[in-house]
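Lettering follows sequence order; numbering is per chain, from 1.
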Amino acid sequence: MVAPILPLRAENIRVARGGKTLLGPLSLEIAGDGVTIVLGPNGSGKTTLLRALHGLERLRDGEVHWAVPEPETRKLQAFVFQAPILMRRNVVDSIAYPLLLDRMNRGEARDRATDAAEAVGLGGRLSLAAADLSGGEKQKLAIARALVRRPQVLFLDEPCANLDGKSTREIEAILIEARASGTRIVMSTHNVGQARRLADDAVFLFEGKRIDGGPADEFFSNPKTPEARAHLQGDLVP
Amino acid sequence: MNDILTGMAEALRLILTLDPTLIEISLRSLEVTVSATIIASLISLPLGAWLAINRFRARRFVIAFLNALMGLPPVVVGLLVYVLLSRSGPLGVLGLLFTTSAMIIAQVIIITPIIASISHQAIRELWADYHDLLISLNTTRWQRIKALLWDGRRALLTASLAGFGRAIGEVGAIMIVGGNIDHATRVLTTAIALETGKGNFALALALGFILIALAVVVNLALHLLSKTERSSLW
Ligand SMILES: Nc1ncnc2c1ncn2[C@@H]1O[C@H](COP(=O)(O)OP(=O)(O)O)[C@@H](O)[C@H]1O
Ligand SMILES: [Mg+2]
């Protein structure tokens, strides 16, 4: 049995480049199950926060703690980038890649990858080059590749940012299913409707700071800050 | 003009009748250059990948050194290898001077910087694409190099072929270190130089046609590879 890597606690983390603070200082706990949605206007630090939690950003201050030592968490968390990073491989080999890193034999890896592809609706595209997929299919491929190691935590950075309504709905369905099977999801979006549909709780960022958030029903019906209220109403935040 | 026409007719006859001298020289050329290309690729492809994904203090220096080597005139490479391998030189005891081994060594020195430079460029681009993903997947350094070499294989083959193209047509260095000895170190380019000097245009032309054919085949392959590289037919 794999030890649970949650809860995840970020303590006073701060990310800076040059002299400029891009994020924080902020503290945050991710525990239990469900979907945490990170909201905020462009440039508010959503991407930076997710990358920092996943260990892709160097922290100027503070620490990120998992329930087990960090190296043991690496294969149990996965990240889906806003612009999907595709390998120069076909669909099934792209999805199988993380399994091959774990020294799974090729046949078994392909079987698992095929299942994962089918689960995201790419069952008919197995031998197509990743680059030949449509925009929505590329993002589904990235999600299948992220899920194939059965991570406990899945980070997604605006996965539907450039997609049409149909692809967005399909991806939301995939995420709801992942959540139901126990994957803890932490996802950013600037789409308020999507946030309402998926969130169990919310983190609202503004200028790199977490200024609002909480359980979804409270936050969406009664945001505490004017910035969050404006953002949820679709107004331009001052 | 007449010389050239009869020369061409004779050249055609030599090729069509599979003239033994012609075959021998062509095969030796291939043997030397294929060996040199394989050895140079084994050195320079991992070197290119290493340079692309590692930031170490001497990196800039190594890249500048490779670029400088690329500009080295082949004749000078020949001279250096000659001095190293000559009987009184530091590697004289090996007795390699005027053998195909010496020619291979010279060609390796000439094309390693070319292959390394092209493959470094290609892998650096691929690494820029893959960087965040491979870090996120928690890959080891070796797994990263493997993924980059494998997924960049077409670009790397292109680099090797560019090295082959350069080596097969080279004459100065291998003339010096090989000596153009009949039945031992004579290859297409050195034979062309010799036969032309002797006024033996037919054989020279026939050898030239074969050299051109090899170059064309390699360039065609390069062209096809770089085309499929850009489209998604991996
Ligand atoms: N590589 C970088 N160098 C300097 N500033 C950056 C860099 N990446 C992002 N930023 C800045 O960091 C802030 C937060 O960016 P980001 O996390 O991408 O926000 P979001 O994802 O919410 O749009 C922005 O002000 C952005 O301009
Ligand atoms: Mg972003």
Side-chain angles (χ1 to χ4, degrees), chain A residues 5 47-48 50-58 70-103 125 127-134 138 141-143 145-149 151 153-157, chain B residues 41 45-46 48-50 52-57 118-161 221-234:
Chain A
I5 64 173
T47 299
T48 311
L50 295 180
R51 289 175 60 96
L53 295 177
H54 185 53
L56 291 178
E57 293 285 342
R58 198 166 51 217
E70 199 266 353
E72 295 169 34
T73 70
R74 301 298 326 172
K75 287 171 183 174
L76 298 170
Q77 43 172 321
F79 200 103
V80 173
F81 298 90
Q82 177 167 353
I85 302 180
L86 303 174
M87 300 184 84
R88 299 183 181 181
R89 302 185 181 198
N90 67 26
V91 168
V92 67
D93 289 336
S94 297
I95 300 175
Y97 180 67
L99 299 175
L100 298 179
L101 295 175
D102 299 342
R103 299 174 179 285
R125 296 272 187 280
S127 54
L128 206 64
D132 288 344
L133 298 173
S134 73
K138 284 176 181 162
L141 167 62
I143 294 173
R145 181 179 61 200
L147 287 172
V148 77
R149 270 172 164 173
V153 180
L154 174 63
F155 297 100
L156 303 103
D157 188 16
Chain B
S41 298
L45 300 184
W50 182 258
I53 75 168
N54 283 291
R55 315 202 141 271
F56 53 94
R57 209 179 286 267
I118 298 175
S119 58
H120 168 235
Q121 188 66 35
I123 292 176
R124 204 171 52 179
E125 279 169 27
L126 194 57
W127 176 232
D129 285 354
Y130 279 17
H131 179 273
D132 282 354
L133 176 68
L134 294 185
I135 301 285
S136 166
L137 290 173
N138 196 36
T139 47
T140 63
R141 183 164 305 221
W142 173 235
Q143 286 173 332
R144 286 170 206 170
I145 292 182
K146 250 181 12 189
L148 292 170
L149 290 178
W150 179 248
D151 287 6
R153 60 193 179 279
R154 276 176 195 279
L156 300 179
L157 191 55
T158 305
S160 292
L161 284 177
L222 274 171
H223 178 72
L224 289 176
L225 277 171
S226 55
K227 243 174 58 182
T228 51
E229 174 72 16
R230 267 186 305 266
S231 89
S232 50
L233 279 171
W234 301 314

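- Side-chain contact between B:R141 and B:N54 is present, with heavy atoms from C-beta onward closer than 4.5 Å.
- Only the side chain of A:F81 comes within contact range of chain B, judged by heavy atoms closer than 4.5 Å.
- Contacts with chain A were tallied for B:I135, B:L133, B:T140, B:T139; B:L133 has the most, counting heavy-atom pairs under 4.5 Å.
- Atoms NE2 and CD, from B:H120 and B:E125 in turn, are 10.5 Å apart once rounded to the nearest 0.5 Å.
- Neither the backbone nor the side chain of A:F155 comes within contact range of chain B, judged by heavy atoms closer than 4.5 Å.
- For A:I85, the parts lying under 4.5 angstrom from a heavy atom of chain B are both the backbone and the side chain.
- Both tests pass for B:R153 against the ring of B:W150: distance under 6.0 Å to the centre and angle within 45° of the axis.
- Using cut-offs of 30° and 60° for the angle between ring planes, the B:W127 and B:H131 rings count as perpendicular.
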